[in-house]
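Here the structure comes first, spelled out in structure tokens, and everything after it is commentary.
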Amino acid sequence: MVTEDYLANNAAFRRMEQEIKRAYPHGHFVAIAEEKIVGDASEFMTLFHALKADGRDPRSVLIVQAGFEYPERVTIFGSWTKS
């Protein structure tokens, strides 16, 4: 389910994408909440624990990796068969 927070943080990421590329090493994890950067770390789990320690629910924070290209939209197809 897409929430207003997700849409706002995704829009903030799009505005800050080039700044994030310049300011952080390629692959560095950056957390965006309330339309601003609220944390960063070189390891995902380090950032995850830092967000929790800060009282944030990591599931409600947009986490991206610096320098990665993220498409605005994706379509995911899946196929499952029963055995």
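One is the number of the first residue; the rest follow in order along the sequence.
- When the side chains of ILVMFWY residues are joined at heavy-atom separations under 4.5 Å, either directly or via intervening members, L47 and Y6 end up in two distinct hydrophobic clusters.
- Not counting sequence neighbours, E19 has no partner by the salt bridge (Lys or Arg N to Asp or Glu O under 4.0 Å) test.
- Taking all atoms of both residues into account, the shortest heavy-atom contact from A33 to V61 is CB-CG2, 4.2 Å.
- Looking at residues two or more places apart in sequence or on another chain, you find a side-chain contact (heavy atoms from CB on, under 4.5 Å) between E34 and K36, R56.
- In this structure, V38 is not a member of the same hydrophobic cluster as I32, with clusters built from ILVMFWY side-chain heavy atoms closer than 4.5 Å.
- Listed by chain and number, the residues in a side-chain contact (heavy atoms from CB on, under 4.5 Å) with R59 are D57 (sequence neighbours excluded).
- Across all their heavy atoms, H26 and G67 have their closest contact at CE1-O, 3.4 Å.
- Criterion: ILVMFWY side-chain heavy atoms under 4.5 Å apart, direct or through other members. Under it, I63 and F13 are not part of a common hydrophobic cluster.
- The stretch residues 44-53 participates, sequence neighbours left out, in no salt bridge (charged side-chain N to carboxylate O under 4.0 Å, His left out) pair at all.
- Partners of E4 by side-chain contact (heavy atoms from CB on, under 4.5 Å), not counting sequence neighbours: none found.
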### Task
Carefully, step by step, assess E17 and E69 under the rule side-chain contact (heavy atoms from CB on, under 4.5 Å).
CA-CA 9 Å; E17 190 170 6; E69 297 293 325; 4.3 Å; yes
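- Counting heavy atoms from C-beta on, the side chains of Q65 and V30 never come closer than 4.5 Å.
- F68 and M45 are not part of a single hydrophobic cluster, where members link through side-chain heavy atoms under 4.5 Å apart.
- For the ring pair (Phe, Tyr, Trp, His ring centres under 6.0 Å) condition, the pairs that include at least one residue of residues 28-51, sequence neighbours left out, are Y24-H28, F29-F44.
- Hydrophobic clustering (side-chain heavy atoms under 4.5 Å, transitive across Ile, Leu, Val, Met, Phe, Trp, Tyr) keeps L62 apart from L51.
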### Message
Run D40 and I20 through side-chain contact (heavy atoms from CB on, under 4.5 Å) and show every step you take.
### Response
CA-CA 11 Å; D40 68 277; I20 290 170; over 6 Å; no
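- The two residues P25 and A66 have their closest heavy-atom pair at O-CB, 3.4 Å.
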